[in-house]
Amino acid sequence: MSFEWPWQYNFPPFFTLQPNADTRQKQLAAWCSLVLSYCRHQKLFTLDVLEAQESPVFNNKKIERKLSVEAIQVVFEELRKKGNLEWLDKNKSRCLIMWRRPEEWGKIIYQWVSKNGMVNSVFTLYELSNGDETEKEEFHGLEDWMLLRSLQALQTDGKAEIITMDDGKGVKFF
Amino acid sequence: MEESVSKYASRGVDIKSLKAKVNSSSSVIYFCFIILLKIDRFVWTNGLLEMNETVVIQQRGVRVYDGEDSVFIRRYLVWIQQKFLKCLSQIIFFEEQTAGIGKSAKIVIHLHQALENKEPGPYQHSKYSYIELSFNEHVQIEFYRRLTEEMTQKRWENTPVSQPIPTGPKAGRTCAVGIVGIERKLEEKRKETDKNISEAFEDLSKLMEKAKEMVELSKSIANKIKDKQGDITEDETIRFKSYLLSMGIANPVTRETHGSGTQYHIQLAKQLGDMLQAPLEERGGMMALTEVYCLVNRARGMELLSPEDLVNACKMFGSLKLPLRLRVFDSGVMVVQLQSHSEEEMIASALDNVSDKGSLTAEEFAKLLGLSVLLAKERLLLAEKMGHLCRDDSVESLRFYPNLF
């Protein structure tokens with residue numbers, strides 16, 4: 001299924017950071033949702049700033065407009081404030097995109113676990129993210145760090161416990 | 001050649017044979033001796049310029065006379081600025097001497113006594129304490145002028161670097177007689193007064209610096225008062241203002257609230273009010289201040305206005321209840337506009353224009369409306385500020401779109 005671009009994507013002013021405060025707010029909101037939905041569609045969990053400049057999200061070749069690096073930084077900052085983005089390094093060159101928050105992931109995983117009656121069983125992380133049984137699930141292919149965070153969220157809720165085993169981590173659901 | 005000549009000089013060789021040797025080489029242009037001073041104070045240097053030195057003037061065919069005796073040394077005389085610093089300290093006084101019968105016009109240079117530890121030069125001793133330089137006619141004037149320049153410039157810088165000046169200028173005046181002596185005394189006196197005056201003004205310049213600081217300080221305090229009206233009581237503010245006034249600093253607060261308030265500006269404002277009605281109507285109710293300035297001055301012909309007067313007069317439009325207004329945009333552009341001119345209408349029409357065309361640049365908009373590009377841009381920016389338009393900044397240009405966000 002190809003990605004559906006929002007109307008703003010083809011509106012040239014969308015690629016210029018607006019000086020008017022109100023307009024800018026609306027613009028940034030639109031950008032945030034665009035980035036998140038694109039990452040969700042592509043199942044991207046990390047972004048590299050320099051690469052992002054060339055990716056179709058920030059670079060619309062059809063109207064020959066692209067978002068400047070400063071503007072990209074502003075958008076990322078906005079995402080970070082909302083809690084959907086985390087910088088991996090101090091130089092702000094790579095970041096984690098959380099188009100779904102860990103708590104939400106945790107809920108989905110738990111739902112699947114309880115639906116299939118696998119409560120009280122132990123899984124390795126690999127099984128959850130890449131196992132055959134989870135192939136149709138949304139969290140299939142979830143990256144490790146994200147999976148871990150979502151399980152940690154469940155742990156704080158008391159619905160799971162992370163176990164350290166010989167060759168990795170596992171989780172037990174309650 | 002240089003070494004051989006200096007060898008001769010140090011042995012105190014008779015000048016005539018020296019001359020012969022020099023003359024034969026004087027036709028070589030590159031070979032220039034630097035005659036620094038009186039012959040017994042001359043020192044040899046090579047012709048190369050050192051770091052801080054520049055050629056001040058280069059003369060050909062100069063004859064140098066030692067005192068009254070003529071020493072027919074034709075040389076290329078090259079004044080080198082820096083070395084001259086040291087040498088000019090040796091010059092007490094110089095003057096022009098007009099040509100007489102059998103004598104050519106000369107410049108006479110009076111000098112100090114020679115110093116003990118001087119480097120070797122063409123002569124070791126001489127009984128005169130002045131030299132005369134004889135030039136071709138027209139170069140003499142130039143040379144004299146240059147020498148005067150150098151002397152006046154260098155005299156002040158001279159003292160720290162140069163060789164120690166012998167006890168006062170009096171030491172060198174061994175043959176100060178007649179008119180020459182009187183003239184010299186007058187010259188001395190004039191220089192003294194000159195020096196005194198510049199010293200006196202030095203103090204004044206320091207005073208002015210201090211005064212400037214005080215003015216700055218009081219201005220900043222007045223500004224602070226303006227900002228924080230509540231913190232200081234009414235009485236104190238009034239007292240402070242009166243102090244400022246007594247010091248001669250008009251309070252910036254009152255200046256702003258009442259304008260500079262002179263009669264001239266008031267009259268001028270009224271006149272402008274009458275004059276500008278028609279042009280403003282033609283131009284859609286708004287004109288940049290620069291246009292107004294040009295228009296007004298062209299109309300006046302004589303008795304032109306200065307920019308400050310124009311601005312001050314325009315500032316008074318409001319208080320005089322004239323139908324014009326001076327308006328300053330965010331970017332600093334100042335315009336005069338009719339009071340009846342409604343900004344909302346303008347912006348609404350701007351929005352219509354832009355929507356019709358999809359997007360517009362400032363230039364296109366200006367062309368469309370017959371406005372100047374500056375005013376067109378201001379209008380678009382204003383519309384953007386109100387949220388009706390948004391901008392698209394690209395390598396090509398700055399375009400404005402209707403705000404669809």
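Quick note on labels: first sequence line is chain A, next is B, and so on, each numbered from 1.
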Could you have a look at A:Gln8, A:Lys66, A:Glu64, A:Lys26 and say which one has the most heavy-atom pairs with chain B under 4.5 angstrom? A:Lys26
Residues B:Arg391 and A:Gln18: closest non-hydrogen pair is O-NE2, 2.7 Å
Enter the distance from B:Leu381:CG to A:Asn20:CG here, rounded to the nearest 0.5 Å. 11.5 Å
Look at atom CE of B:Met386 and say whether more than 12 heavy atoms of other residues, nucleotides or ligands are closer to it than 6.0 Å. no
Could you state the interatomic distance from CD (B:Glu384) to OG1 (A:Thr23), rounded to the nearest 0.5 Å? 7.0 Å
Could you check which of B:Ser359, B:Cys390, B:Gly387 has the highest count of heavy-atom pairs closer than 4.5 Å to chain A? B:Cys390
Does a sphere of radius 6.0 Å around NZ in B:Lys357 hold more than 12 heavy atoms from other residues, nucleotides or ligands, not counting ones at 6.0 Å or beyond? no
Once rounded to the nearest 0.5 Å, what's the spacing between atom CG of B:Leu404 and atom CZ of A:Phe11? 4.0 Å
For A:Glu54, look at atom CD and say whether over 12 heavy atoms of other residues, nucleotides or ligands are found less than 6.0 Å away. yes
Is the count of non-hydrogen atoms from other residues, nucleotides or ligands lying under 6.0 Å from A:Asp89 atom CG greater than 12? yes
A quick test of your reading: do over 12 heavy atoms of other residues, nucleotides or ligands sit less than 6.0 Å from OH of B:Tyr264? yes
Can you establish whether the number of heavy atoms outside A:Arg101 located under 6.0 Å from its atom CZ is more than 12? no
Segment of B:Asn403 engaging chain A (4.5 angstrom heavy-atom cut-off): side chain
For B:Phe405 and A:Phe14, take the angle between the two ring planes, folded into 0 to 90°, and tell me which bin it lands in: parallel under 30, tilted 30 to 60, perpendicular over 60. tilted
